[in-house]
Amino acid sequence: MPLHLKANIPVSDTHIPQHVAIIMDGNGRWAREKGLPRREGHRAGAESVREVVEACKKLGVRFLTLYAFSSENWKRPKAEIRALMALLKEFLRVKTPEMKSQGVRLHAIGRLEDLPSDCQRELYSAIDQTSSNSDIDLVLALSYGSREEIVDAARQLASEAANGILNPEDIDNDLMGQKLYTKNIPDPDLLIRTSGERRLSNFLLWQISYAEIVISEKFWPDFREPDLKAAIAEYGERNRRFGSI
Ligand code: IPE
Ligand code: IPE
Ligand code: MG
């Protein structure tokens, strides 16, 4: 689905990141600490999603990308995958009217064709119903893996070159970016990972080249508006040099 977003990005306060990306981690540990099944952690995490989307909108963040399910998460027990997919479907069904009325435009990145067909239907319907909104763009990374995304891009470029449509010399950073799932979405300025883990877990490896990274010790279901504000305040104090001096 082509996105044409760059034109209407407002010039905002440089201390507010234009694009925030979040690795929402720690749902399972949150549940374990409370003696609950893991799926209850995922359910509680959905409430954090609602609050963080709303807070981002209020603060003037234009793009929010949430890592909801990775390519590697298919390795989890079938029952947990089923619970996650059921929650995704429920989230989309319940939240779409809210997103519609709150100016949220939904997108999804990843190998969406791997999702169960009922989830795909709900997802495409939510994307369609919110497509004319423009206050904030919410990007859900689903069955997403950055290496897979880069492989898909390489395949496209190789096939265009093999068909004589593309001269390999013309491949540059911009063209590569245009072949990624995130084409037309600016690179994240701030990457947040919750639950204290210090790794990227195959998330947006190309796009976060110059993102500022903030790690929150909180489990995702406990990460709410004040924690987002704290992360953004930390971002505001960083000196982004982009290789310059
Ligand atoms: C993040 O929480 C949600 C997904 C990866 C789907 P986890 O399920 O990874 O929770 P922990 O890391 O086991 O605590
Ligand atoms: C990353 O969390 C994926 C998502 C948040 C969707 P994981 O819990 O899957 O990552 P690892 O396994 O700890 O690296
Ligand atoms: Mg985890």
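Ligands are counted one by one from 1 in listed order, and the atoms in each one are counted from 1 as well.
Listed by number with element, the atoms of ligand 2 under 4.0 angstrom from any heavy atom of Met24 are 5 (C). The atoms of ligand 2 that sit less than 4.0 Å from any heavy atom of Arg199 are 11 (P), 13 (O), 14 (O).
Within the structure, the closest approach of Gly45 to ligand 1 does not fall below 4.0 Å when heavy atoms are considered. Assignment of Glu72 to the shell around ligand 2 is not supported, since no heavy atom sits closer than 4.0 Å. Between Glu197 and ligand 1 there is no heavy-atom distance shorter than 4.0 Å.
Side chains of Leu166 and Leu175 form a contact here, defined as non-hydrogen atoms less than 4.5 Å apart.
Considering Arg32, Glu80, Arg29 only, the shortest heavy-atom separation from atom 14 (O) of ligand 1 involves Arg29.
In this model, a donor atom of one side chain and an acceptor atom of the other lie less than 3.5 Å apart for Ser143 and Trp74. Asn202 and Glu148 share a donor-acceptor pair across their side chains, judged by distance under 3.5 Å alone. Judged purely by distance below 3.5 Å, without hydrogens or angles, the side chains of Gln207 and Thr182 pair a donor atom with an acceptor atom. In this model, no donor atom of one side chain and acceptor atom of the other lie less than 3.5 Å apart for Arg147 and Ser71.
Residue Arg38 touches ligand 1 through its side chain alone, judged by heavy-atom distances below 4.0 Å. By the criterion of a heavy-atom distance under 4.0 Å, neither the backbone nor the side chain of Lys75 is placed next to ligand 2. No part of Ala141 comes within 4.0 Å of ligand 2, judged by heavy-atom distances. Under 4.0 Å from ligand 2, not a single heavy atom of Phe203 appears. Under 4.0 angstrom from ligand 1, there are no non-hydrogen atoms of Ser195. Only the side chain of Arg193 comes within 4.0 Å of ligand 2, counting heavy atoms alone; its backbone N, CA, C and O stay farther away.
At under 3.5 Å, a nitrogen or oxygen of Asn73, whether backbone or side chain, sits near a nitrogen or oxygen of ligand 2. Considering backbone and side-chain atoms alike, Ser70 places every N or O at 3.5 Å or more from each N or O of ligand 2.
Here the CD-CZ distance, from Glu160 to Arg155, works out to 14.5 Å after rounding to the nearest 0.5 Å.
When distances from atom 12 (O) of ligand 2 to the protein are checked, no heavy atom turns up under 4.0 Å.
Under the 4.0 Å criterion applied to side-chain N and carboxylate O atoms, Lys34 and Glu40 are not assigned as salt-bridge partners. The pair Glu54-Arg50 meets the salt-bridge criterion, since a charged nitrogen lies less than 4.0 angstrom from a carboxylate oxygen.
Restricting Asp25 to its N/O/S atoms, the shortest distance to the Mg ion (ligand 3) is reached by OD1.
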Please test Asp187 against Tyr210 for side chain to side chain contact (heavy atoms under 4.5 Å, CB included), starting from the C-alpha separation and ending with a verdict. CA-CA 8 Å; Asp187 289 342; Tyr210 272 100; over 6 Å; no

